[in-house]
Engineer: 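My questions all concern the structure below.
It should be emphasised that the depicted structure is a prediction, and the values quoted were computed from it without experimental measurement.
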Amino acid sequence: MQKRQDQRQLAGSYWEASRPPPRADRQLIGNAQFDVAVIGAGFAGLSAAMKLAEAGVSVCVLEAEHVGYGASGRNGGFCCLGGTKLSIHQLIQRYGLDGARNFLAYQVAGINQVAQRLKAWGVDADCHSQGEITLAHRPRDFDAFKAEAAFLKDKFGIKSRILDKSALTAEGYGGSGFYGGLHMPYGFALNPMAYLYGLADQVRKKGGRIFGKSAVTGVGRDGDRWRLDTEHGFVRAKRVILAGNGYSKETVPKWIHGRTLPVMSSIHVTRPMTDEELAAQGWTSDTMASDSRILLHYFRLMPDKRFLFGTRGGIFENEPALKAMHKRARHDFNTMFPAWKGVESEYHWYGKVCLSRNLTPFVGQIPGMDGLYAAMGWHGSGVAMASLSGEKVAGLIMGSVRQEDLPEPLQHPFKRFPFPSLRKLYLQGAYWWYGYQDM
């Protein structure tokens, strides 16, 4: 027996306001049995469910709230390179040049996959931006860009572009304190909620089940299957995929405790601006952008002439901390784009970014837990990475993908943070140090 969801929990995002409310998936009441159960209806979980359903595998997705409630419906809509906090040089040091090349190719494949899905499904996701640009917030960062561009071309064949300050002005990147830019030719911007709703529709069309308002409260063995308990029932499944990312419950299962670190990302979206207001600041480009800080800002001009501005650095999810985070974000926006100080933010919200101690994602079976898989840890860049990784973890379950087929950075299970109960406190110290380094 099932019943429909109660009132939706809203994040207050522009993405929610820009699309009709999602289909209300029924809540799980009673018990059910599937070949595979997925925890989390985000990019990774839905991609896995879609792939499994296509192959005729009985699959359900258990979502604590509704499609779009977690990070997949709250992010900045950057379908781009990423998924790790390791630099390309650190990746080479840890995994070798070939390992880094494979991982980069995987990221590009994820971007292409999302673009192909949108086209095949006929989803209008307000796509724009050809690639992304990183803007130097200090002269020495721009000097480093020149060496980086030469390195990327030599080792990876990437044809990036270097823009000096005059080129930034000419191409519509007007902001306070930008000393040059490095443009990468991969990625595009989109409305993530439009894509996510399209992905959920595909799961349903192919026979997968999505249960809303069905938070998993416990995972344990029940004979030859796993049992996933919810408020009003349970699911028994041969295989389970953990895809909750930063919204995972730390005790579901106990293995995950202390192995991830959810941190906050704050986003503001302005009202639509006039051509005169855009010209006053000198920002007319629709390219995805971020600055060169460790605690970066990310921003873009959207098709309806609203400006999206996001920040990293929040840790604690309580009212005073969130209020201070949004206030700090607006202060940074005013400083970087002074001509727009009077342009109000019509929407502001936050989402949880999932970090791992490894600083890389994990896609695979959890050691010592037969039939329990994870696809998590996107480090703030999950649109492309999570989408492709969801399909890959489904392939692992079906036997069409081997663990060694994945890039090495994805193969290693998360290590536990030392003194896990204190990890947010020592991250605060790290953020203070990062802030000092960004000066």
Side-chain angles (χ1 to χ4, degrees), residues 14 75-82 111 126-150 152-153 158-191 265-312 329-343 345 380-381 383 438-439:
Y14 170 71
N75 63 85
F78 286 47
C79 184
C80 60
L81 300 174
I111 293 168
D126 298 329
C127 296
H128 63 95
S129 180
Q130 296 182 348
E132 60 180 321
I133 189 167
T134 303
L135 299 168
H137 78 285
R138 299 172 298 199
R140 69 174 181 266
D141 293 328
F142 179 58
D143 292 338
F145 284 171
K146 299 170 186 176
E148 186 77 358
L152 291 171
K153 183 177 181 181
I158 296 174
K159 297 179 181 179
S160 58
R161 293 177 59 218
I162 293 291
L163 288 79
D164 61 18
K165 198 162 186 174
S166 62
L168 290 183
T169 301
E171 296 191 22
Y173 300 105
S176 177
F178 298 147
Y179 293 91
L182 174 64
H183 180 272
M184 297 286 282
Y186 306 110
F188 61 94
L190 79 168
N191 181 321
S265 183
S266 172
I267 297 178
H268 285 244
V269 169
T270 71
R271 63 164 170 79
M273 287 189 275
T274 66
D275 290 340
E276 290 74 20
E277 286 173 319
L278 297 177
Q281 181 57 58
W283 190 287
T284 55
S285 173
D286 70 352
T287 303
M288 300 182 294
S290 62
D291 61 22
S292 55
R293 291 175 171 85
I294 302 172
L295 297 177
L296 59 81
H297 303 91
Y298 53 97
F299 36 93
R300 62 184 173 99
L301 182 64
M302 298 197 292
D304 61 359
K305 297 183 181 179
R306 298 176 185 271
F307 198 78
L308 179 150
F309 184 83
T311 63
R312 296 277 195 262
R330 182 66 208 203
H331 173 269
D332 290 353
F333 172 82
N334 292 344
T335 300
M336 294 172 66
F337 303 99
W340 295 339
K341 283 185 179 180
V343 177
S345 297
S381 299
V383 179
D438 283 336
M439 293 173 62

Engineer: What do the steps show when you test Ile162 against Leu182 for side chain to side chain contact (heavy atoms under 4.5 Å, CB included), and what is the final call?
Structural biologist: CA-CA 5 Å; Ile162 293 291; Leu182 174 64; 3.7 Å; yes

Engineer: Are Phe188 and Ile111 close enough, and set up right, to give a side chain to side chain contact (heavy atoms under 4.5 Å, CB included), and what steps lead you there?
Structural biologist: CA-CA 8 Å; Phe188 61 94; Ile111 293 168; 4.0 Å; yes

Engineer: Which heavy atom of Thr287 sits nearest to which heavy atom of Gly131, and what is that distance?
Structural biologist: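 Closest approach of Thr287 to Gly131: CG2-O, 3.7 Å.
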
Engineer: Compare every heavy atom of Ala329 with every heavy atom of Ser266, then report the nearest pair and how far apart it is.
Structural biologist: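 That closest heavy-atom pairing would be OG-CB, 3.9 Å.
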
Engineer: Between CG of Asp291 and CZ of Arg138, what distance do you get to the nearest 0.5 Å?
Structural biologist: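 If I round to the nearest 0.5 Å, the distance is 10.0 Å.
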
Engineer: Might you point out which heavy atoms bring Gly175 and Gln281 nearest each other, and give the distance in Å?
Structural biologist: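 That would be CA-NE2, 3.5 Å.
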
Engineer: Would you say that Met336 contacts Phe178 through its side chain, given a criterion of any heavy-atom pair below 4.5 Å between the two side chains?
Structural biologist: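 Heavy-atom side-chain distance check passes, below 4.5 Å.
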
Engineer: Can you find a heavy atom in the side chain of Ile267 that is under 4.5 Å from one in the side chain of Tyr298?
Structural biologist: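 Of all side-chain heavy-atom pairs linking Tyr298 with Ile267, at least one is under 4.5 Å.
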
Engineer: I'd like to check Glu132 versus Leu81 (side-chain heavy atoms, cut-off strictly below 4.5 Å). Are they in contact?
Structural biologist: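 A side-chain contact exists here, since the closest heavy-atom pair is under 4.5 Å.
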
Engineer: Taking the side chain as every heavy atom from C-beta outward, state whether Arg300 and Ser129 have any atom pair closer than 4.5 Å.
Structural biologist: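 In short, these two side chains do not touch, never coming nearer than 4.5 Å.
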
Engineer: Would you call the rings of Phe299 and Phe337 parallel, tilted or perpendicular, where under 30° means parallel and over 60° means perpendicular?
Structural biologist: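 The rings of Phe299 and Phe337 stand perpendicular, inter-plane angle above 60°.
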
Engineer: Restricting to pairs with a member in residues 166-183, which pass salt bridge (Lys or Arg N to Asp or Glu O under 4.0 Å), not counting sequence neighbours?
Structural biologist: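 Every salt bridge (Lys or Arg N to Asp or Glu O under 4.0 Å) pair that includes a residue of residues 166-183, provided the two are not neighbours, is Arg161-Glu171.
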
Engineer: So, Arg293 and Asp141, do they make that salt bridge, N to O below 4.0 Å?
Structural biologist: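 No.
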
Engineer: Would you say that Met273 contacts Arg271 through its side chain, given a criterion of any heavy-atom pair below 4.5 Å between the two side chains?
Structural biologist: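 Counting from C-beta outward, Met273 and Arg271 do come under 4.5 Å.
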
Engineer: Give me the atom names and distance for the closest heavy-atom approach of Leu190 to Cys79.
Structural biologist: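 Scanning both residues completely, I find the closest heavy atoms to be CD2-CB, 3.9 Å.
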
Engineer: Evaluate the side chain to side chain contact (heavy atoms under 4.5 Å, CB included) criterion for residues Lys305 and Leu278: first the C-alpha distance (whole Å), next the side-chain angles of each, then the deciding distance (0.1 Å), finally the verdict.
Structural biologist: CA-CA 9 Å; Lys305 297 183 181 179; Leu278 297 177; 4.2 Å; yes

Engineer: Do other residues, nucleotides or ligands put more than 12 heavy atoms under 6.0 Å from the NZ atom of Lys146?
Structural biologist: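 Atom NZ in Lys146 is crowded, with more than 12 foreign heavy atoms closer than 6.0 Å.
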
Engineer: Centres of the Phe333 and Phe309 rings: under 6.0 Å?
Structural biologist: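 Here the rings of Phe309 and Phe333 have centres that are less than 6.0 Å from each other.
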
Engineer: Less than 4.5 Å apart, side chain to side chain, heavy atoms only: is that true for Leu163 and His183?
Structural biologist: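 Touching, per the 4.5 Å side-chain cut-off.
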
Engineer: Rounded to the nearest 0.5 Å, what's the gap from CG on Asn191 to CG on Asp304? Could you check?
Structural biologist: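 Interatomic distance, Asn191 CG to Asp304 CG, rounded to 0.5 Å: 10.0 Å.
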
Engineer: To the nearest 0.5 Å, what is the distance between NE2 on His331 and CG on Asn334?
Structural biologist: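 Atom-to-atom, His331:NE2 and Asn334:CG are 7.5 Å apart.
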
Engineer: Any donor-acceptor pair under 3.5 Å linking the side-chain atoms of Ser345 with those of Arg330?
Structural biologist: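 There is such a pair between these side chains.
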
Engineer: Go through the structure and list residues passing ring-ring contact (aromatic ring centres under 6.0 Å, His included) with Tyr173, not counting sequence neighbours.
Structural biologist: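 Here the qualifying residues are Trp283.
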
Engineer: Which pair of heavy atoms, one from Leu301 and one from His128, lies closest together, and at what distance?
Structural biologist: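 In terms of heavy atoms, the two residues are closest at O-CE1, 3.3 Å.
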
Engineer: Under a 3.5 Å cutoff, is there a donor and acceptor pairing between the side chains of Thr270 and Arg306?
Structural biologist: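 Looking only at side-chain atoms, Arg306 and Thr270 do not form any donor-acceptor pair under 3.5 Å.
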
Engineer: Evaluate the side-chain proximity of Asp164 to Phe142: yes if any heavy-atom separation is below 4.5 Å, no if none is.
Structural biologist: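 The answer is yes; the side chains approach within 4.5 Å.
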
Engineer: Looking at OG of Ser292 and CG of Leu135, how far apart are the two atoms once the value is rounded to the nearest 0.5 Å?
Structural biologist: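 If we round to the nearest 0.5 Å, Ser292:OG and Leu135:CG are 8.0 Å apart.
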
Engineer: Between CD of Gln130 and CE of Met184, what distance do you get to the nearest 0.5 Å?
Structural biologist: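 The CD atom of Gln130 sits 15.0 Å away from the CE atom of Met184.
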
Engineer: Might you point out which heavy atoms bring Thr311 and Ser265 nearest each other, and give the distance in Å?
Structural biologist: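 That would be O-OG, 3.1 Å.
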
